[in-house]
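Encoded as C-alpha cells, the structure appears first; notes follow it.
All values below were derived from every heavy atom in this structure, side-chain atoms included, with hydrogens, water molecules and symmetry-related copies excluded.
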Amino acid sequence: MTSVVFVHGTGVRIESYERSFTRVSRGMTKARPDAEMVRCYWGDTCGASLGMDGASIPVRDRNRGVLDEPPADDPTALWAVLLAEPFAELRAYAAETEAGGTGAGFVPGRRDPWEVFAESVRTLPTDGLEVSPELAPYLHRALDRVASELDLLPAGSPRDGGVNTLTARAVTAVVLHLADDAEEDSDPLPVDGADRDALVEQLAERFAGLLGGTDRAFGRVGASAKWLGGQALQSLLWDHSELAVRYRRGLTGKAVPATGDILRYQARGTELRSRVADTVRHTRAAAPDRPVVLIAHSLGGIACVDLLAMEPSLKVDLLVTVGSQAPFLYEMDALTGLRRGEPLPDSFPRWLNVYDDRDLLGFVASKVFPGRAEDHRVDTRQPFPWSHSAYFAHRKLYDWLGKELP
C-alpha cells in the first residue's frame, strides 16, 4: 500500500477541504485501490483572516479603468463570459432575432414562442442524463431559472436554429453558479471542461427534441460569438468591474482566504511547513513500510517544496505538485527554502509537477529544475480561474497518477 497525503492550496477552509478530500479519495480509489488517503488540512491555524473587521479597506472610488477588447472566438473566452453572466448569449440571440424580424408578429390567441419553449425547458425530463454528482442537485433549479429568463425575452421566435445549444450552455452555466455558491468558498468549484461540455451536449439534444433542428452551426463558438465580441463583451466586463468596486468591502472579505493565505505564508510559513512535516512523520510512524506521497495543490505545493528543501531528513518518496507556483518563485528568487541558483538537495524526492495551460497560477518545473522535476500537462478545458480548481475533477489525472505512484 501507499500513503497519500493531500495538502490543499490557498483559500481553502474545512468544509471545502473535506469536499476536496472526498473528491480526490474517490478518484484515487478508482485508479489505485491500494492507496490510503491521509488528511493534511492547515487552513484553520495557518490560514489568513481579517482581525480588525476590514478596517484597512478604503471607501468606494468612482474612477473607472480602461478595458482592452478581449477576443471572442475562443471557447474558453466564451465560457469566461457565461460564468460571469449565464444569460449573455440568450439575450443577444433574442435581440438579434427580434431585429431580424424572425417572429411571426402578434396573433390573437397565439402564445409567444419563447413562452412555449420556456415551459418546455422548465418541465424538461432529466432522467438518463449523465451529470457529475457535484452538479446533479442543481439541475432542476437551473432549468427553472433559465425558463424564467426565457419568459422575459423580447418577442421573436426561437425556431430559426441556434437556441438549443445556447439554452443548454445557459443552463450549464447556472448549474455551475449554483454549485459554486453552495461551496461557500473563495475557490471556484472544481469542474472539468469535458464534464461541462458533455452536459451541454446532452441538454442541447433534449432541447432539439422540443424545437427540432441540430444546432450544428451554434455548437461552434464562432457562430454565436458575433454577439459577444467587441463593445458588447467589453461592456459586460465593465459592468462587473463597477459592481466589484461598489461592493469591494464584501468581496475583499471573501477574497482574504485566497490572497491572505499567500501573504501570511510568506511571513509565517514555518507554521504551515510544520503542519505538513508533522503529518508526514505521523503517517510514516503509523506504517513504516509504506511509501509516502505528497499531493499538494497551489500554495500547498510551495510549502512542500520549501519543506523538502529545508529538511533533508524528512522522508518522502514522491512529491506531486498541482497548479503550483514553486518554480515561478524560485525563478524570482522568492522561495523560502531555496535560493535561485541553488540545486535541490540530493535528499529531495522524485518530483512530478502538474499544470494546465489555461491555469495562470500553474507553472512548469522541468526547465527550472532540469533532471530533477518532471512536468505533466492536463487540459481541463476550463477558463481561468476555474482551471486552477478543476484539476481534481479531471478523471485523466487519476489515471496518470495511478501509474506513477510507488
Side-chain angles (χ1 to χ4, degrees), residues 70 72-104 111-124 126 129 135 138-181 196-197 199-240 383:
D73 57 353
D74 177 9
T76 306
L78 174 62
W79 273 105
V81 173
L82 293 176
L83 292 174
E85 176 46 74
F87 304 119
E89 271 191 305
L90 276 177
R91 290 170 181 168
Y93 172 84
E96 181 81 4
T97 55
E98 181 185 33
T102 58
R111 295 181 65 191
D112 181 79
W114 282 118
E115 183 182 348
V116 175
F117 183 48
E119 183 177 317
S120 299
V121 169
R122 185 175 283 110
T123 59
L124 183 78
T126 58
L129 289 177
L135 302 181
Y138 308 101
L139 183 55
H140 285 288
R141 287 170 58 192
L143 287 167
D144 186 66
R145 285 196 184 182
V146 173
S148 297
E149 177 68 22
L150 291 169
D151 281 333
L152 300 175
L153 292 178
S157 174
R159 298 182 180 275
D160 60 348
V163 73
N164 300 331
T165 299
L166 270 59
T167 305
R169 284 201 281 252
V171 171
T172 302
V174 173
V175 166
L176 292 173
H177 269 275
L178 293 172
D180 189 45
D181 288 344
R196 176 201 65 204
D197 294 344
L199 178 57
V200 171
E201 184 176 352
Q202 294 177 79
L203 289 171
E205 288 180 357
R206 298 213 173 178
F207 294 145
L210 301 176
L211 294 178
T214 61
D215 276 10
R216 291 180 180 177
F218 283 81
R220 301 189 305 272
V221 173
S224 59
K226 62 180 180 180
W227 298 309
L228 297 172
Q231 292 299 117
L233 183 54
Q234 181 171 336
S235 175
L236 174 65
L237 294 176
W238 199 335
D239 289 343
H240 278 270

- List the steps, then state whether side-chain contact (heavy atoms from CB on, under 4.5 Å) holds for L90 with V146. CA-CA 10 Å; L90 276 177; V146 173; 4.2 Å; yes
- Looking at CG of D144 and CG of L139, how far apart are the two atoms once the value is rounded to the nearest 0.5 Å? 11.5 Å
- Measure the spacing between CD of E115 and CG of L152 and express it to the nearest 0.5 Å. 11.0 Å
- Looking only at heavy atoms, what is the nearest atom pair of A179 and L135, with distance? CB-CD2, 3.9 Å
- Message: By the definition side-chain contact (heavy atoms from CB on, under 4.5 Å), identify the one residue from V81, V174, T172, L176 that meets it with P86.
- Response: V174
- Item | Evaluation steps, side-chain contact (heavy atoms from CB on, under 4.5 Å), between R169 and W79 | CA-CA 9 Å; R169 284 201 281 252; W79 273 105; 3.9 Å; yes
- How would you list, by chain and number, every residue that makes a side-chain hydrogen bond (donor to acceptor under 3.5 Å, both in side chains) with T126, sequence neighbours excluded? H140
- Tell me, please, which residues at least two apart from E149 pass side-chain hydrogen bond (donor to acceptor under 3.5 Å, both in side chains). R91
- Note on the structure: Taken in chain and number order and not counting sequence neighbours, the residues that satisfy side-chain contact (heavy atoms from CB on, under 4.5 Å) with A168 are V200, L203, A204, F207
- Tell me, please, which residues at least two apart from A118 pass side-chain contact (heavy atoms from CB on, under 4.5 Å). A147, L150, D151
- Message: Working to the nearest 0.5 angstrom, can you tell me the gap between L83 CG and R196 CZ?
- Response: 7.5 Å
- Task: Nearest 0.5 Å please: distance from the CZ atom of R145 over to the CZ atom of F87.
- Result: 7.5 Å
